[in-house]
Peer 1: 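First, the structure itself, so that you have it in front of you.
The chain is numbered in sequence order, starting from 1. The basis for the numbers below is simple: all heavy atoms, side chains too, and nothing from hydrogens, waters or symmetry mates.
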Amino acid sequence: MGLPEPGLTPGRLIIMPEQILRNKVAIVTGAASGIGRATAGLFAREGAQVSLVDIDPAGGKETERQILDSGGEVRFLRTDVTKSGEVEAAVHQTVKQFGGLDILVNVVGVSGRQWGDGPVDECTEQAWDQVMTVNLKSMFLCCKYAVQSMLKAGGGSIVNMSSVLGLVGGDADFATHAYAASKGGIISLTRSIATYYADQHIRANAICPGLIATSMSERVQASERIRSRLPELQPLTGDFGQPEDVANAALYLTSDMARFVTGAILPVDGGWTAK
């Protein structure tokens with residue numbers, strides 16, 4: 001297990017190894033598909049030993065198979081990240097198998113539309129509770145047990161997945177207020193962790209993706225009206241981002257290249273929040 005250096009040498013240029021995450025141990029939640037799968041695969045190619053954490057056994061096993069076929073070192077752990085005991089067990093199993101934990105990337109997240117998420121006057125209590133549990137409580141639990149391990153080891157790096165809707169208000173096409181509140185909560189949690197644990201060499205940063213082409217965004221991908229707005233919303237490409245765009249940002253933030261970066265909130269949104 002590779003630990004971050006306790007101090008910084010002024011003016012020192014970081015020369016990265018051929019594999020950026022060589023000898024690192026990572027947990028990636030939401031690894032059964034989309035951004036989580038792309039992140040886990042990239043981390044494994046960059047030398048990390050990766051625990052794949054997800055509630056979906058079929059998708060998780062498929063991610064595991066893909067990484068094993070490419071020569072990576074990986075293990076799928078079927079885990080409900082809203083359950084404290086299951087999260088604690090996943091962290092324990094990771095440390096036991098791979099010898100420690102350097103990196104946590106929290107990707108798990110859901111849209112609440114299926115339970116009635118919407119503008120605050122219409123949002124159902126079921127949607128609010130479900131979204132807060134899956135999107136925010138899961139982040140708390142995963143950070144809680146990962147940080148406990150990282151404190152024993154002397155440091156580590158956390159990346160939490162938020163959203164552009166945690167930074168800016170959504171118009172009628174994106175009026176899911178429980179979702180937005182959960183993503184704003186992730187930003188606040190991340191900054192609080194970054195501040196409190198900085199002197200113990202634990203870094204915490206958040207990524208705020210825009211519209212990314214995953215199964216979670218199928219509704220907007222199928223909407224001709226929203227697709228026609230992409231040049232306005234994400235002017236850099238006028239198109240959806242790809243899971244790999246977010247995975248690359250997570251790779252930077254969790255690697256030693258970002259050893260002086262903590263508490264950062266990084267939009268990966270094609271220019272959405274720059275306006």
Peer 1: Using modelled atom types and a 3.5 Å cut-off, is there a donor and acceptor pairing between side-chain atoms of Arg203 and backbone atoms of Ile158?
Peer 2: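 Not confirmed, Arg203 side chain does not pair with Ile158 backbone.
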
Peer 1: Short question: side chain of Thr124, backbone of Trp115 - any donor-acceptor pair under 3.5 Å?
Peer 2: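 Yes, Thr124 side chain to Trp115 backbone: donor-acceptor pair under 3.5 Å.
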
Peer 1: Answer with yes or no whether the side chains of Gln221 and Arg227 bring together a donor and an acceptor at under 3.5 Å.
Peer 2: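 No, no side-chain donor-acceptor contact under 3.5 Å.
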
Peer 1: Output, in order, the C-alpha distance, side-chain angles, deciding distance and verdict of ring pair (Phe, Tyr, Trp, His ring centres under 6.0 Å) for Tyr179 and Trp128.
Peer 2: CA-CA 8 Å; Tyr179 179 84; Trp128 182 271; over 10 Å; no

Peer 1: Just checking, any donor-acceptor pair under 3.5 angstrom between side chains of Gln49 and Glu73?
Peer 2: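 Note: Gln49 and Glu73 side chains meet the donor-acceptor criterion.
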
Peer 1: For Val110 and Asn135, what are the C-alpha separation, side-chain angles and deciding distance, and is it a side-chain contact (heavy atoms from CB on, under 4.5 Å)?
Peer 2: CA-CA 7 Å; Val110 293; Asn135 288 3; 3.5 Å; yes

Peer 1: I'd like to check Met139 versus Ile186 (side-chain heavy atoms, cut-off strictly below 4.5 Å). Are they in contact?
Peer 2: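 Yes, at least one pair of side-chain atoms sits under 4.5 Å.
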
Peer 1: Does the distance from a Lys or Arg side-chain N to an Asp or Glu carboxylate O, for Glu64 and Lys61, drop under 4.0 Å?
Peer 2: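 Yes, charged N to carboxylate O under 4.0 Å.
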
Peer 1: Any donor and acceptor pair, going by atom type alone, linking the side chain of Glu86 with main-chain N or O of Thr79 inside 3.5 Å?
Peer 2: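 Between the backbone of Thr79 and the side chain of Glu86 there is no qualifying donor-acceptor contact (under 3.5 Å).
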
Peer 1: Give the minimum heavy-atom separation between Ala26 and Phe43, together with the two atoms involved.
Peer 2: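 Ala26 and Phe43 have their closest heavy atoms at CB-CD2, 4.0 Å.
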
Peer 1: If you define the side chain from C-beta out and look only at heavy atoms, does anything of Ile67 sit under 4.5 Å from Val50?
Peer 2: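 Counting from C-beta outward, Ile67 and Val50 never come under 4.5 Å.
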
Peer 1: What are the two closest heavy atoms between Gly118 and Cys123, and how far apart are they?
Peer 2: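 Taking every non-hydrogen atom into account, O-CB, 3.8 Å.
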
Peer 1: Step through the shown structure and confirm whether more than 12 heavy atoms of other residues, nucleotides or ligands are within 6.0 Å of NZ on Lys152.
Peer 2: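 Not more than 12 within 6.0 Å, no.
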
Peer 1: Count the heavy atoms belonging to other residues, nucleotides or ligands that lie under 6.0 Å from CD of Glu125, then report whether that count exceeds 12.
Peer 2: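 12 or below, so no.
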
Peer 1: Does the distance from a Lys or Arg side-chain N to an Asp or Glu carboxylate O, for Asp173 and Arg225, drop under 4.0 Å?
Peer 2: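 Between Arg225 and Asp173 there is a salt bridge, with a charged N closer than 4.0 Å to a carboxylate O.
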
Peer 1: Considering non-hydrogen atoms only, spot the tightest contact between Met150 and Ile202 and give its length.
Peer 2: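 Residues Met150 and Ile202, closest heavy atoms: CB-CD1, 3.8 Å.
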
Peer 1: Looking only at the side chains, is there a donor atom on one of Arg75 and Gln93 sitting less than 3.5 Å from an acceptor on the other?
Peer 2: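 Per modelled atom types, Arg75 and Gln93 side chains form a pair under 3.5 Å.
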
Peer 1: Assess the side chains of Tyr197 and Thr262: does a donor N or O sit below 3.5 Å from an acceptor N or O?
Peer 2: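 Short answer, no.
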
Peer 1: Could you check if a side-chain atom of Asp56 sits within less than 4.5 angstrom of a side-chain atom of Ser33, using non-hydrogen atoms only?
Peer 2: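 Counting from C-beta outward, Asp56 and Ser33 never come under 4.5 Å.
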
Peer 1: Does Asp256 pair with Lys24 as a salt bridge, N-O distance under 4.0 Å?
Peer 2: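 The answer is yes: the pair qualifies as a salt bridge.
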
Peer 1: So which pairs with a foot in residues 129-146 pass salt bridge (Lys or Arg N to Asp or Glu O under 4.0 Å), sequence neighbours left out?
Peer 2: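 Sorted pair list comes back empty.
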
Peer 1: Contact between Cys208 and Val268 at the side-chain level, heavy atoms closer than 4.5 Å - yes or no?
Peer 2: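 With C-beta onward as the side chain, the pair stays apart.
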
